[in-house]
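Report on the structure given below.
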Amino acid sequence: MREDQKYYTVRGYQLLRKNKKLLTSGMEDYLEMIYRNSIEAGYMRVNKLAEQLNVQPSSATKMVQKLAGLGLIKYQKYGIIELTERGLDMGNFLLNRHKTLEKFLRFIGCIDVLSETELIEHSINIDTLKNIDSLNRFIEKNPSIQKKFEKFKEELNYGAI
Ligand code: CO
């Protein structure tokens, strides 16, 4: 299976369900950001995390301690954060969920793609996400669909709101 197809495995789904009651939207954002940064370096620093999420280092530290309490990251000395195996699986899922939605919103022609993605990603369920992912893959395999859709939209002429 290709790397980008892995996240809709049974494990990703189970982890999402299991953690749904435990993780707030804010915690999901933290975990996603830690994962983004850990892909290459294998770890992330609390100060950098605070900077990237635009929060105070003290708030970042608090959140990091909560994630550590849930067994999703290891946080020890010198402000270094490392993901546990579960944290890695969850982070991978969260990042791919973000990418799936971002791709879809770009396809349909959203203007404010990033803030829309941030709003939708925390409340979407797995079934909807899977179907959107299927649609993304379908469009990628059939690029002419995108042009047809754009032309169709022009004809509808909703215009700017
Ligand atoms: Co996100």
Side-chain angles (χ1 to χ4, degrees), residues 1-75 79-140 146 149 161:
M1 215 186 269
R2 283 201 337 255
E3 191 58 38
D4 61 344
Q5 289 177 325
K6 276 188 191 161
Y7 72 109
Y8 293 129
T9 57
V10 175
R11 183 165 165 76
Y13 176 49
Q14 284 171 343
L15 278 169
L16 180 82
R17 277 185 53 183
K18 230 206 232 158
N19 288 284
K20 211 170 174 101
K21 286 172 202 126
L22 300 172
L23 289 190
T24 62
S25 301
M27 286 157 107
E28 288 187 350
D29 287 337
Y30 271 77
L31 196 56
E32 187 186 319
M33 189 60 89
I34 295 167
Y35 183 79
R36 273 178 198 270
N37 282 274
S38 299
I39 295 171
E40 276 165 35
Y43 68 90
M44 184 173 202
R45 288 184 191 277
V46 172
N47 284 346
K48 196 180 171 193
L49 180 64
E51 205 181 286
Q52 291 194 350
L53 289 167
N54 225 347
V55 297
Q56 294 295 319
S58 58
S59 324
T61 302
K62 260 190 208 162
M63 196 64 112
V64 159
Q65 282 164 347
K66 279 186 192 164
L67 291 172
L70 291 172
L72 297 171
I73 59 171
K74 279 179 277 176
Y75 176 58
I80 288 175
I81 305 160
E82 279 176 281
L83 288 159
T84 62
E85 206 178 310
R86 280 179 64 207
L88 274 170
D89 283 344
M90 269 302 277
N92 180 261
F93 182 88
L94 294 173
L95 181 59
N96 280 302
R97 183 180 69 180
H98 182 106
K99 286 182 178 169
T100 297
L101 286 168
E102 195 182 319
K103 202 181 275 182
F104 170 68
L105 292 176
R106 276 190 210 290
F107 165 69
I108 60 173
C110 284
I111 297 163
D112 206 353
V113 171
L114 285 183
S115 62
E116 280 295 287
T117 302
E118 289 304 322
L119 285 171
I120 297 168
E121 64 183 351
H122 302 295
S123 50
I124 196 164
N125 75 25
I126 189 82
D127 177 57
T128 309
L129 191 61
K130 274 181 176 174
N131 282 311
I132 289 177
D133 183 57
S134 302
L135 180 67
N136 285 346
R137 289 172 195 276
F138 175 72
I139 293 160
E140 273 168 5
Q146 173 129 30
F149 180 61
I161 294 167

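As the structure lists them, so they are numbered: ligands from 1, and atoms in each ligand from 1.
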Degrees at the Co ion (ligand 1) between the ND1 atom of His98 and the OE2 atom of Glu32, nearest 10°: 80°
Glu121 vs Glu28 side-chain heavy atoms within contact, under 4.5 Å: no
Side chain to side chain contact (heavy atoms under 4.5 Å, CB included) partner of Ile34, the single match among Leu88, Asp29, Leu83: Leu83
Metal proximity, Glu121 vs the Co ion (ligand 1), N/O/S cut-off 2.8 Å: yes
Backbone or side-chain N/O/S of Asp29 under 2.8 Å of the Co ion (ligand 1): no
Candidate list Val55, Thr61, Ile81, Asn37, test side chain to side chain contact (heavy atoms under 4.5 Å, CB included), partner Leu49, passing option: Ile81
Any Arg97 side-chain heavy atom under 4.5 Å of His122 side chain: yes
Which atom of Glu118 approaches the Co ion (ligand 1) most closely (N/O/S): OE2
